[in-house]
Each structure stands twice: as structure tokens, then as C-alpha cells.
2 protein chains.
Amino acid sequence: MATIEDVARAAGVSASTVSYVLSGKRSISPPTRRRVEQAIAELGYRPHMGARALASNRTHVIGLMAPLRSGVDVSVIMQFVTGVVTRARGFEHDVLLLTQDDVGGLERVAAGSMVDAVVVMDVEADDPRIPVLGSLRQPTVLIGLPRDAGGLSCVDLDFEAVGALGARHLADTGHHDVALLGSPPEVMDRHTSYADRVVRGFTATASARGLAATVEPCGSSPAGAQQAVDAVLDRAPGTTGLVVHNERALPHVLAHLRERGRVVGHDTSVVAVCPADVALSQALPMTSIDIPAELIGSVAVEMVMARLEGEQPAETRLLAPVLTERASGTPGPAALPVTP
Amino acid sequence: MATIEDVARAAGVSASTVSYVLSGKRSISPPTRRRVEQAIAELGYRPHMGARALASNRTHVIGLMAPLRSGVDVSVIMQFVTGVVTRARGFEHDVLLLTQDDVGGLERVAAGSMVDAVVVMDVEADDPRIPVLGSLRQPTVLIGLPRDAGGLSCVDLDFEAVGALGARHLADTGHHDVALLGSPPEVMDRHTSYADRVVRGFTATASARGLAATVEPCGSSPAGAQQAVDAVLDRAPGTTGLVVHNERALPHVLAHLRERGRVVGHDTSVVAVCPADVALSQALPMTSIDIPAELIGSVAVEMVMARLEGEQPAETRLLAPVLTERASGTPGPAALPVTP
DNA sequence: CGCGATCGTCGAAGCGTTTCAACACGCTAG
DNA sequence: CTAGCGTGTTGAAACGCTTCGACGATCGCG
């Protein structure tokens, strides 16, 4: 491997000059710059990142902690990761991947100076990683909204607004009896931040609009979905509008609604909360509230990068949800007052 | 941050002694070792990985190139990644994540000595990354089976055996008219290695067993699945046994078979080729040939690690597929010779 | 015409490890 | 009693880069 010295020699300059050509931190005369650049090209020189990190205290790597256990909303996770990696590359950074359960890993890579900054996904209401993150010297951004961010920056979809938007849309299209099929029971019980927030937004807006609202957790398996649908339809048979916030259960919910004689998009409205591609790959194109996971990932990187330059104060950014109408929506009873 | 010098001072030894305690490359007397370990604990010392990489030429990081574009078999990809990261941690290594399209990234991280080794996922029959990988000084393992590995090591599920196993199972359970619903047309056309191999194994074994076999690409969308099912059933209405090798299309294939009056697990046998968790989360628990993605990922790491120590010759490992019978299988006509 | 400012370049001092050669010490064997 | 050996420890030299301070040259200006 060619070193900076080799390049310097080939270009007839000193190593520091080469370094300045590379970093642009000092002005270099055009002819010198040209000679250096040519030498770099000829030798195929690549700076040794370890040496660079040692000298400059910058690794050009950011750590990303992602929930790799398969199961929950895989495609959302992939999109987060894609957003993070892609945006990081835009800042000339690479991404070191940590698994969710490897809590010690955060301390390890941070204290070992393997990363310049850290992004953590899937943060829960009372996340045990928050104190750890607070003690790192690297800037940190959380994807998710913990109860107490402990002075850390956060970014997330505004899930409370998601719930509200779902309820509002159903109300606006004439539904009166509505239900939210939420996350799996275990997620609900864990009080994963987003699950609670959706419920809160949904029930608040439903009651403000005078709707009769039911909330039911919903397992991701066919059986779980069936059970949830049954629970809602048995308890409130008049339900005509549903918000479904469980990507994996969605197909099974649709299937079971059908089995119970409901025709989605005709006598029953379903609003899915999921990434657009998932909404489109159902049996019926779903009216949905998008989870812009890739965008959130890239915003997270931007925030963390900003903190890597100047000292920014902690900040929380909640992205406004957007609803797209597709085939699974239909006017509810109140929209057709004359029909019995 | 405490440095190795701080630790040395606190323990009353030299820096090199601390280094040897850490690496175990030289014997250290028990009392000294104890003092050093205590100093490390007290100071919360963590070696600076950049410095270590510079001095030792080992980063303790492996590069992983993964197809992050969401869409194709997300859960399989996640499981690969999980397998790689988890196993790498077992070897005290971390994982740097590269996206599939960032071909230059390979050269960048390798030449910049950011990684000790590279694992590349989703390798195609004629993959443009192979020549690049061949020129790296770091050991490399491909997940997938290119036409010409160019002297690189590979690991993959034996997809030819998968196709054969599917056909054999259907033959053994008495089916005569069988079909393979394969990957999406674009994947087939790209001659992605595994798609071709499944087809080859399936048709060869089917014809060896005297079956009438149809092969049909199958898009992942509801429409694509429907079309594929229609194509098979229209062309060969007597088909009673299906192998489906498309995780995303699977639910739609099942739904459409049902719409066409087929009762899977009763008059029609379906063997899914997919990870076990996907097989279990269908409307009906699927008889399936597992794609042990996590295992493959961890094997890839083991291979690359072996190459990091001694010089191993290139090697190709194909994992034997395993079929698990569940509810979607049923005896075919030949198994009931007396019934008309 | 001389003076200070500006520009481009350089030498050297780190950055925090690893590792090699060497050394001190206490033993054993001759 | 000493030569020789093994064991545990050390000092110093890398590793490849960044960056600070300094220096000579060039320039504008009074």
C-alpha cells in the first residue's frame, strides 16, 4: 500500500503538503496540487483510515444500532437502515452496525473511538440505552421518542398525529364506529413509545369528533389478526372504519375481514399505517398513512452530523404524517344519510 | 480518555506490559497481571481502535455488502445480516455496512484499511464485483454462487438441491403434475444464480421421476402472483403440486389458488421455499424448504475468519436443504390409485 | 527601496498502539 | 562458582497520518 510519503516523494513535495491537498485546509498552488493529484492517481493511494483517525480524532464512521431480530416490521427497519447508510455516505461517512441487544456495544465502539457519532433506532419509552448514550462523548440521535430523552436529540414520525389523522379521516368520510388495530400485545405491554402515541392520538381525536372508538392490540400472526378482528367486530358490530397499525398483520386482517363478510373498500374502510410499498402490495391497494422510514433515517444522520460540527442544543423533530387515499377507503354510513 | 500510558503508570509497569496483558502474546506474572487489570478497570480504559489498527494492521472490523434496496425478500436479508453481525461479534469483530450499489465502496474500505475482511451478499451469476473483490488484499467470502468465482470462496444454500427436493417431495407424495412458481421475471431474466439453480434442480428431478413439470416466473405483487397461478393452472389444469420460491408472492399465491377453487393442503400441495418464520406466518402453516439465512451468514463469517488466520485455499460450501412438512402438503392422485 | 503582510511549503511533533530486541533476574547444571 | 537458560519486563522504534509553528518568497504600499 502506498503511503502519504510515497505520494510526497513521487510529487516532489513534503507529506504535509499532500495532506493539505487532501484536506483543503490550507491553500496550495495549482501546479503543486496537480502534481500531487497525479501522484495520488498513479500510485492508487488511499489514506489509511486508522492512521487518520489516530491523528485527527475522526473516524468518519457512525454507529447505527438496529433491531435485527427478525419479526417486527422488517421492511421498516430496512428502510431506516437504508436511509441512514445512504445519507451517511453523502457526508463521506460509513456505518458500523450494532445489534439492538448489544447494549455494551455502544460503550465499546464509542469508548474505543470506532465511531464519531451514534444513531439508535427503535427507542422505547423508557429505554435502558438512554443513560449509556448520555455518557458518551460522541453526539447521538435517537429514532423514536422516549418519555425522557435525557438531553438527547430525537427524530420520529409524529405518531400521535398519525392516530389523530386516521381518526379524522374516518370521521371526515362519514364513519361513526371506528377501531384501531394496534401493535402486537407484547409491544403494547412494553409501552413502546409509538404504540402508545398512536392510541392516544386516535382516541383523543375520535372522542373530539364524537366517534365510538375501540382499540385492540393485534398479534402479527394469522391467529392474532383473526382474534383482534373478532374482538372488535363482536364488541362493536357496527364498526365500519378501521385503522391498522401492524404491517405484518395487515394481510391477515384483510383476509379475516373478508371471511367475516366484510368487503373492504365497499362496506368497510381500512386505513393502514405502514410504508407505501407495503400498502401497495396488499390484495387491495391500501389507503394508508406512510411511515417514511428512509426519510427519518436520513434526517437522523443530518442531525447527528450537525452536532458533529458546532455544538447544537438537543432537539426533537417530529415529522408530520401524510395520508394517501387508495382503494381500501369508502364512505361510511353518515355520508349516506338517506340510505337506511 | 485514558491511554495505555495512564494504565501503565497506575499499575507501575511499562506500556508494553499492559499491551501484553491485553493481547496475551507474552507471559505475564500473575501479580503484575492483576495490578494491570485493576488499573484498567479503575480507569475504564479502552484501547483506541484506530491506534491499534495502525500498529497491528488489524481493524477488527469486517465489511458486509448487503442489498438494502427494500423489496426482494427483506426478511431473508435481515437474517443474513443478523447471522453475520452476531457471528462476527463472537470473533470480537464489528461489521461495517455497505450498500449493494456502492461498488466503489468495496475498494474504498478495503484500500483504506477500514476492514480486515469482506462478506458480500446476493451475488449474481456474473457479478461485476467479483473482479474487484479478487484484487483486494483482504480475504473475501461470497454469499451466493457465481458462474465463475474467480478463486474466491463462496457459501450458499444448495438451491439446485432445493429444486430437486421440492420435486422429489411432490413425487414421493403422489403428485404427477407439478409446477414451480419461481422468482419475479426480472430476477429470472437477470439470471440471478439461485433462481436458475432452483429451476435446474426442479426440472431435472421432475423429469427423472417422470413428472409433468411447469416452470413459471412469479411477480411479487398480488397481480404478479395471480398471473403466475393463472398461467400454470390454465396451461396445466391437472397440476396438484406446487413449489413456490417467492417469499413475498406467497400470500397472494395462496389467496389466488383459493379463489380458483383450490384448497391448499387438501386438493393441492404447496411447498414454499422461504425462511421458517415466513412459512409459519401464512394463512396456513406451510410445508417448506427452509432458507437458513442466519446460518449462512454465520458460516460466511467463519470462513472469512479462517482465511484471516492461515492461508486457506478458496472453498465453496453448499448447505443441504431441509424440508419440513406442515399443513400445506397433501397426497396427490397417484397416492390414491383406487379413487378415480 | 525597504517593510510588513500574505502565500505556499516544510519539518517535526504528536496521536495511542504493537512488537522486537534486549535486559535483569533467579535457576539449574556442569 | 560460573556459564547458560528461561521468565518477566522494558525501551524504543515503528505504524501513517494531521497539524502547528516556522520559514522563504512574493507582493503591495508608503
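Reminder, nothing fancy here: chain letters follow the sequence lines and each chain counts from 1.
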Can you name the residues that form a side chain to side chain contact (heavy atoms under 4.5 Å, CB included) with B:Leu97, not counting sequence neighbours? A:Val81, A:Val85, A:Leu97, B:Leu64, B:Ala66, B:Leu68
Among residues two or more places apart or on two chains, list those pairs meeting ring pair (Phe, Tyr, Trp, His ring centres under 6.0 Å) that have a residue in residues 95-138 of chain B. none
Could you tabulate the donor-acceptor pairs under 3.5 Å formed by side-chain atoms of residues 108-125 of chain B, not counting sequence neighbours?
residue, atom, partner, partner atom, Å
B:Arg108, NH1, A:Asp94, OD1, 3.3
B:Arg108, NH1, A:Asp94, OD2, 2.4
B:Arg108, NH2, A:Asp94, OD1, 3.3
B:Arg108, NH2, B:Asp102, OD2, 3.1
B:Ser113, OG, B:Arg137, NH2, 2.9
B:Asp116, OD1, B:Thr59, N, 2.7
B:Asp116, OD1, B:Thr59, OG1, 3.0
B:Asp116, OD2, B:Thr59, N, 3.2
B:Asp116, OD2, B:His60, N, 2.8
B:Glu124, OE2, B:Arg190, NE, 2.9
B:Glu124, OE2, B:Arg190, NH2, 3.3

Nucleic acid footprint by protein, nucleotides 9-17 of chain D - heavy-atom cut-off 4.0 Å, B for base, S for sugar-phosphate alone: BBB---BBB
Kindly write out the residues that satisfy ring pair (Phe, Tyr, Trp, His ring centres under 6.0 Å) with B:Phe159, not counting sequence neighbours, or none if the list is empty. B:Tyr194, B:His245
Please list all pairs meeting salt bridge (Lys or Arg N to Asp or Glu O under 4.0 Å) that have one or both residues in residues 57-68 of chain A, counting only residues at least two apart or in different chains. none
Quick one: which residue pairs count as a salt bridge (Lys or Arg N to Asp or Glu O under 4.0 Å) with a foot in residues 8-32 of chain B, not counting sequence neighbours? B:Asp6-B:Arg9
Sequence-distant partners of A:Glu5, side-chain hydrogen bond (donor to acceptor under 3.5 Å, both in side chains), two or more places apart: none
Residues two or more places apart in sequence or in another chain: which of them pass side-chain hydrogen bond (donor to acceptor under 3.5 Å, both in side chains) with B:Glu42? B:Gln38
side-chain hydrogen bond (donor to acceptor under 3.5 Å, both in side chains) pairs, two or more places apart, involving residues 141-157 of chain A: A:Asp126-A:Arg147, A:Ser153-A:Arg307, A:Asp156-A:Arg197
Note the angle between the end axes of the helix from C:dC1-D:dG30 to C:dG30-D:dC1, five pairs defining each, rounded to 10 degrees. 50°
First and last nt of DNA chain C near chain B, cut-off under 4.0 Å to heavy atoms, 5' to 3', are C:dG16 to C:dA22
State, with a plain yes or no, whether a side-chain heavy atom of B:Tyr20 is found less than 4.5 Å away from one of B:Val36. no
